[in-house]
There are 2 protein chains.
Amino acid sequence: MRSSVPPFQLAELPSSIADDGDETRFCGTCAFSSACIAAGYDKPELAELQCLVEHVGPFCAGEHIFRTGDPFRAIFAVRGGTVKTRMVDKDGREQVLGFYLPGEVIGLNAIYPERFPCDAVALDTAFFCRFSFPAMSALASRVPAVQQHLFRMLSKELGSASLLAGDHSADERVAAFLMDLASRYAARGFSATHFHLSMSRGDIANYLRLAAETVSRVLSRFRAQKLIQIEGRELHLLDVPGLRAIGQALLPD
Amino acid sequence: MRSSVPPFQLAELPSSIADDGDETRFCGTCAFSSACIAAGYDKPELAELQCLVEHVGPFCAGEHIFRTGDPFRAIFAVRGGTVKTRMVDKDGREQVLGFYLPGEVIGLNAIYPERFPCDAVALDTAFFCRFSFPAMSALASRVPAVQQHLFRMLSKELGSASLLAGDHSADERVAAFLMDLASRYAARGFSATHFHLSMSRGDIANYLRLAAETVSRVLSRFRAQKLIQIEGRELHLLDVPGLRAIGQALLPD
DNA sequence: AGCGTGATTTGACCCAGATCATGGCCGCCG
DNA sequence: CGGCGGCCATGATCTGGGTCAAATCACGCT
């Protein structure tokens, strides 16, 4: 199953749900679109996907999509905007677990505990498709492509955890982080060399297990080396091979 | 679904597969036993689980169960022994991703890429149940409890990745590591205060992103503080509350 | 315009843990 | 037996990145 999918989307199916005029664009990046294609986008089972999906949002920057301990009832696909997930330990220290871009899915780590084990916080104005998980499981039993898609999404997320693994320098981590973001934007059809960092330096640092000052210094150094151009949160990647070389130990391939 | 399950196991079902006399004991810790219970251990569908499972082993210490790049066809439940998973980057540096005890499952992170993204290496003499994944998926479509169990195992593994997350001291990491092992042994019915470390100090250090010397020093310090008693790889936990307090920021609850 | 709050950058200093080095222990094998 | 190669422990030294501090900037608000 390719990640570049034909432009047939959920929202283009004959549908009784309201169309806000943006759905085509939003669903163009949807995490489930490949499941829809695989199952055949005109099969009657897919009408059920529409029954169990609910569009939610907007959430403003700083608002919670869910909180640690909330009972798990649904997973959320990001339609637009950016989200961070984080845990807060007893001492009140935050740990950022990940950033989620349009088309990616949050909440999968709540299936087992049946409660959300982390918070999800919008980093900018964000919209979601909310998929009832019990309904989704039931559908998965009847539509193998949906089941397979869920397995794949879960497995994929397992793999991405290893971006943080290992004992690596600040330069390696930051370069790998930027390349990872670039490839994820590219996979959804956005520019791979020019994008906006929705998260603060502090969030990046926390995610990469560095101090905010270190991230700032590394970015300044990368700029001085003409690897990137950065103004505030607006980022251009100038030397992708150079960045890839620096981050190679943390990157796939 | 509790992790302490009644003692009904796969191997106790009426079965046509060979019984080597050890299956009852081995399967007593099996990762799938709760799925069997949930589905009702006498339902005919479960006969199919027996068709798709295959007992493999023994593997000796240092032998590979699978290697990076091998095509993904099955997942493996540890019946006995211990396994580490690891990635080796282009520079030849190893990164230990996890340790797997009896009853735990390896290979779930290979579903999405359809190839194993890491090596699995036996740390001592190890045995496995090999579950064909295509057959398992097909069964999951027909038996909701099996599907649910797969979802839960995947989700559970997502959560466990956060043991390494965060910016924590060597003492915190080592204490949390010992407590994690203890609770996992306890969950399978082994002693929670006395067990054998199948992995070298170097493997522990690599997993925790420390130097082997640091792990050695921390363990010596814990011994001096009467938190543990340790001789080679034989470990007694003497002060569980004390260890828990040190590792609390990394531990659940 | 003036102010306040939070994000970002940059410099100075320090420390936890890495690295280097040494020695002991144990099992294996010729 | 004796040599060799893994592991493990422990001391000495070094350093990447954390911490503290201060200046600047970008805001929205009054």
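Every chain is numbered from 1, with letters handed out A, B, ... down the list of sequences.
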Engineer: Looking only at heavy atoms, which two atoms of B:V96 and B:Y207 are closest? And how far apart?
Structural biologist: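 Closest approach of B:V96 to B:Y207, heavy atoms only: O-CD1, 3.7 Å.
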Engineer: Axis-to-axis angle across the helix from C:dA1-D:dT30 to C:dG30-D:dC1, five pairs an end, to 10 degrees?
Structural biologist: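 One end's axis against the other's: 30°.
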Engineer: Please state whether the rings of B:F72 and B:F133 are parallel, tilted or perpendicular, taking 30° and 60° as the class boundaries.
Structural biologist: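 Ring orientation, 0 to 90° scale: tilted.
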Engineer: Quick one: list whatever passes ring-ring contact (aromatic ring centres under 6.0 Å, His included) with A:H64, sequence neighbours left out.
Structural biologist: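 Expected list: none.
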Engineer: Going by the rule side chain to side chain donor-acceptor pair (under 3.5 Å), which residues pair with B:D124 if we only count those two or more places apart in sequence or in a different chain?
Structural biologist: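 Expected list: B:T82, B:S198.
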Engineer: Report all interatomic pairs (protein N or O, nucleotide N or O of nucleotides 26-28 of chain D) with separations under 3.5 Å.
Structural biologist:
none

Engineer: Given the rule in the side chain to side chain contact (heavy atoms under 4.5 Å, CB included) test, do A:H168 and B:R93 qualify, once you have shown the distances and angles that lead to the verdict?
Structural biologist: CA-CA 11 Å; A:H168 296 282; B:R93 284 177 303 189; 4.1 Å; yes
Engineer: Which residues pass the side chain to side chain donor-acceptor pair (under 3.5 Å) test with A:T68, sequence neighbours left out?
Structural biologist: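 Scan of A:T68 (side chain to side chain donor-acceptor pair (under 3.5 Å), adjacent residues dropped) gives A:D119.
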Engineer: Are A:V215 and A:R173 close enough, and set up right, to give a side chain to side chain contact (heavy atoms under 4.5 Å, CB included), and what steps lead you there?
Structural biologist: CA-CA 9 Å; A:V215 170; A:R173 284 178 203 282; over 6 Å; no
Engineer: Given B:V174, which partner from the list B:T214, B:L210, B:I228, B:I204 fulfils the side chain to side chain contact (heavy atoms under 4.5 Å, CB included) test?
Structural biologist: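 Single side chain to side chain contact (heavy atoms under 4.5 Å, CB included) partner of B:V174 among B:T214, B:L210, B:I228, B:I204: B:L210.
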Engineer: Take atom CD1 of B:I228 and atom C1' of D:dA9, then tell me their distance rounded to the nearest Å.
Structural biologist: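 After rounding, the reported distance stands at 13 Å.
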Engineer: Please list residues of residues 85-100 of chain A whose heavy atoms come under 4.0 Å from any atom in DNA chain C, ordered by number; otherwise none.
Structural biologist: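 None, since no heavy atom is under 4.0 Å.
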Engineer: Can you list every pair that meets salt bridge (Lys or Arg N to Asp or Glu O under 4.0 Å) and has a residue in residues 235-244 of chain A, with sequence neighbours left out?
Structural biologist: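 Every pair satisfying salt bridge (Lys or Arg N to Asp or Glu O under 4.0 Å) with a residue in residues 235-244 of chain A: there are none.
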Engineer: Listing request: all salt bridge (Lys or Arg N to Asp or Glu O under 4.0 Å) pairs with a residue in residues 222-237 of chain B, at least two apart in sequence or in separate chains.
Structural biologist: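 For residues 222-237 of chain B: none.
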Engineer: State which residues pass salt bridge (charged side-chain N to carboxylate O under 4.0 Å, His left out) with B:R209; sequence neighbours excluded, sorted by chain then number.
Structural biologist: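 Listed in chain order: nothing, the list is empty.
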Engineer: Could you check how far CZ of A:R221 sits from P of D:dG16, rounded to whole Å?
Structural biologist: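 Rounded to the whole Å, the gap is 11 Å.
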Engineer: Classify B:R209 by what it touches in the nucleic acid, base, sugar-phosphate, or nothing, heavy-atom distance under 4.0 Å.
Structural biologist: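 Sugar-phosphate contact only - B:R209 comes under 4.0 Å of backbone atoms but never of a base.
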Engineer: Report, one pair per line, the protein and nucleotides 7-16 of chain C atoms (nitrogen or oxygen only) whose separation is under 3.5 Å.
Structural biologist:
unit_1 : atom_1 : unit_2 : atom_2 : d
C:dT8  : OP1    : A:R233 : NE     : 3.0
C:dT8  : OP1    : A:R233 : NH2    : 3.3
C:dT8  : OP2    : A:R201 : N      : 2.8
C:dT9  : OP1    : A:R201 : NH2    : 3.2
C:dT9  : OP2    : A:R201 : NE     : 3.0
C:dT9  : OP2    : A:S216 : OG     : 2.6
C:dT9  : O5'    : A:S216 : OG     : 3.1
C:dT10 : OP2    : A:S220 : OG     : 2.4
C:dG11 : N7     : A:R217 : NH1    : 2.9

Engineer: Treating primed atoms plus P, OP1 and OP2 as sugar-phosphate and everything else as base, which nucleotides of nucleotides 23-28 of chain C get B, S or - for protein heavy atoms under 4.0 Å?
Structural biologist: ------
Engineer: Kindly write out the residues that satisfy ring-ring contact (aromatic ring centres under 6.0 Å, His included) with B:H196, not counting sequence neighbours, or none if the list is empty.
Structural biologist: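 Applying ring-ring contact (aromatic ring centres under 6.0 Å, His included) to B:H196 gives none.
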